[in-house]
Amino acid sequence: MKLSAVPNCVPSVNDSGRVFNIQRFSLHDGPGVRTVVFLKGCQMRCAWCSNPESLAPQPEILFDRQRCGKTSCWQACPGKSALKTSAVSYKSWPDEASCPAAALRKVGQTLSVEEVIDLVAADELYYRTSGGGMTLSGGEIAMQPEFSRALLQRARKEGIHTAVETSGFAAWPALWQVCEASQLILYDLKLADDALHQRYTGVSNRSILQNLARLLEQPIPLRIRVPVIPEVNDGDEEAEKMMRLIAGITRESRSFQGIDLLPYHNFGLRKYALSDRQYLYEELHPAHGKPQTAVLEAVASRYGLKTATLSHCIG
């Protein structure tokens, strides 16, 4: 499952970028009530990813084969081909509204900075009363560094608090270009063991840890986020490796704010079927139990690390 060993980025064009979702009233992606802007494109392939539609940088189709009623439009519908192959051109599909069975959804659109900020600013009252704001997530924000930075700067100009969530798998100039403009960094760490990291995400964690160390030297507040994945990183051995790693790398940092534990869920399972993708984690661990967050909490406590367990896993 190993992918590119060296992260790169796809430069955005002018002041527009590729967005696949804008989620309002989020409570788990930074302080207060927040609007999360999900950018499209990610170089990692986490086996448990809950947003498979975020992976490809280009727009794509979610096609519900079961819902398609094969009505009068069936003869002319390119969906017929998709029942046998996924190699159907995005541009060849009809508009969502023209499907009488509501069996398809186009994911990913190009939006300008102003279009995004207009949507985000609509909830400014909630941000002010709750201490919330806008969070950029993905996908991977550093794959669109110019667009991400422009969004953050524009939001801050409007007085909106900003946060970014990143996997850290990016070239440092692109990652810093984005993070420097943010007021909070949510940094994902999947696994401490590099061999396991490569097995379950497709990439090494070496550059991720190097980038984390550099960000921890900066004055921007940073929280580390750990998805708690049953039978992968929630056992005693992996929990010990993770918390020992975090304790060491954050020891001299004044910007480190603590750890968020994100218990695994399979809410994205249906999206794998709709996008014709393989849900690798559920295939590798079909009989997994519930995520053992208490194991990581206990080990973190021994290392003097503060944790907060959230009610979901971003992936």
Side-chain angles (χ1 to χ4, degrees), residues 12-42 50-51 53-54 59 96 105-167 170 174-188 215 218-225 255-258 260 262 267 308-315:
S12 56
V13 179
N14 298 324
D15 65 343
S16 63
R18 298 171 300 280
V19 177
F20 77 91
N21 189 24
I22 297 180
Q23 178 179 299
R24 301 170 64 193
F25 303 110
S26 173
L27 301 176
H28 302 291
D29 301 288
V33 174
R34 308 190 73 80
T35 296
V36 184
V37 180
F38 291 91
L39 306 187
K40 214 165 181 326
C42 182
S50 60
N51 291 319
E53 74 278 27
S54 74
E96 297 178 41
R105 178 162 65 94
K106 291 190 172 183
V107 178
Q109 57 182 321
T110 298
L111 297 176
S112 70
V113 169
E114 291 304 318
E115 286 175 316
V116 174
I117 294 300
D118 283 347
L119 293 170
V120 171
D123 292 327
E124 186 176 1
L125 177 61
Y126 296 103
Y127 309 149
R128 290 204 306 267
T129 56
S130 70
M134 178 187 77
T135 300
L136 298 188
S137 187
E140 172 50 55
I141 56 171
M143 285 189 69
Q144 301 185 60
E146 296 173 6
F147 179 58
S148 298
R149 184 180 179 89
L151 280 174
L152 295 167
Q153 291 175 328
R154 187 69 176 82
R156 293 180 68 171
K157 185 177 180 180
E158 295 295 321
I160 299 173
H161 180 270
T162 59
V164 296
E165 181 177 23
T166 178
S167 69
L175 182 63
W176 180 238
Q177 183 178 1
V178 180
C179 291
E180 184 187 25
S182 182
Q183 293 164 282
L184 173 65
I185 301 169
L186 306 174
Y187 201 95
D188 295 348
L215 286 175
Q218 308 303 323
I220 306 168
L222 183 149
R223 294 190 65 83
I224 291 176
R225 313 195 104 189
S255 60
F256 176 59
Q257 302 289 303
D260 293 327
L262 286 67
F267 295 165
T309 299
L310 307 184
S311 61
H312 75 312
C313 172
I314 293 180

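Heavy-atom basis, side chains included; hydrogens, waters and symmetry copies ignored.
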Subject >> Glu165/Arg225 under side-chain contact (heavy atoms from CB on, under 4.5 Å): CA gap, chis, key distance, verdict >> reply: CA-CA 9 Å; Glu165 181 177 23; Arg225 313 195 104 189; 3.6 Å; yes

Is the backbone of [Y] close enough, under 3.5 Å, to the side chain of [X] for a donor and an acceptor to pair up by distance?
X	Y	answer
Glu158	Ala155	no
Glu140	Ala142	yes
Ser255	Pro221	no
Lys40	Glu53	yes
Thr162	Met134	no

Original post:
After noting the C-alpha distance and the side-chain angles of Arg128 and Leu125, does the key distance pass the side-chain contact (heavy atoms from CB on, under 4.5 Å) rule?
Top reply: CA-CA 5 Å; Arg128 290 204 306 267; Leu125 177 61; 3.7 Å; yes

For [X] versus [Y], what's the shortest heavy-atom pair and its separation?
X	Y	answer
Gln153	Ala181	CG-CB, 4.2 Å
Leu262	Asp260	CD1-O, 3.4 Å
Pro145	Ala174	CB-O, 3.7 Å
Ala163	Ser182	CA-OG, 3.4 Å
Ala121	Ile160	CA-CD1, 4.2 Å
Ser130	Val33	OG-N, 2.9 Å

Original post:
Can you tell me how far SG of Cys179 sits from CD1 of Ile185, rounded to the nearest 0.5 angstrom?
Top reply: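 Taking CD1 in Ile185 and SG in Cys179, the distance rounds to 4.0 Å.
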
**OP:** To the nearest 0.5 angstrom, please state how far the NE2 atom of His161 sits from the CD atom of Gln183.
**Re:**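 Spacing of NE2 (His161) from CD (Gln183) equals 4.5 Å.
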
**OP:** Using the test ring-ring contact (aromatic ring centres under 6.0 Å, His included), find all partners of Phe256 that sit at least two apart in sequence or belong to another chain.
**Re:**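 Scan of Phe256 (ring-ring contact (aromatic ring centres under 6.0 Å, His included), adjacent residues dropped) gives none.
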
Original post:
Pick from Leu39, Asp15, Ile141: which one makes a side chain to side chain contact (heavy atoms under 4.5 Å, CB included) with Phe147?
Top reply: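 Only match with Phe147 under side chain to side chain contact (heavy atoms under 4.5 Å, CB included): Leu39.
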
**OP:** Scan side-chain atoms only and decide if Thr35 and Tyr127 contain a donor-acceptor pair under the 3.5 Å cut-off.
**Re:**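 The answer is yes; a qualifying pair exists.
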
Side-chain contact, heavy-atom cut-off 4.5 Å: [X] with [Y]?
X	Y	result
Gln177	Glu146	yes
Ile117	Lys157	no
Ser54	Phe20	yes
Pro31	Leu184	yes
Glu180	Arg149	yes
Thr135	Val164	no

**OP:** Show your working on side-chain contact (heavy atoms from CB on, under 4.5 Å) between Leu186 and Thr166 and close with a plain yes or no.
**Re:** CA-CA 6 Å; Leu186 306 174; Thr166 178; over 6 Å; no

Subject >> Partners meeting side chain to side chain contact (heavy atoms under 4.5 Å, CB included) with Asn21 (sequence neighbours left out) >> reply: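 Asn21: side chain to side chain contact (heavy atoms under 4.5 Å, CB included) contacts with Gln23, Phe38.
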
Subject >> Pair Arg154 + Glu114, salt bridge at N-O below 4.0 Å >> reply: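 Counted as a salt bridge, because a side-chain N and a carboxylate O are separated by less than 4.0 Å.
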
Original post:
Charged N to carboxylate O below 4.0 Å: is that the case for Asp29 and Arg34?
Top reply: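 Salt bridge absent between Asp29 and Arg34.
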
Subject >> Intermediate values then yes/no, side-chain contact (heavy atoms from CB on, under 4.5 Å), Ser137 and Val37 >> reply: CA-CA 6 Å; Ser137 187; Val37 180; over 6 Å; no

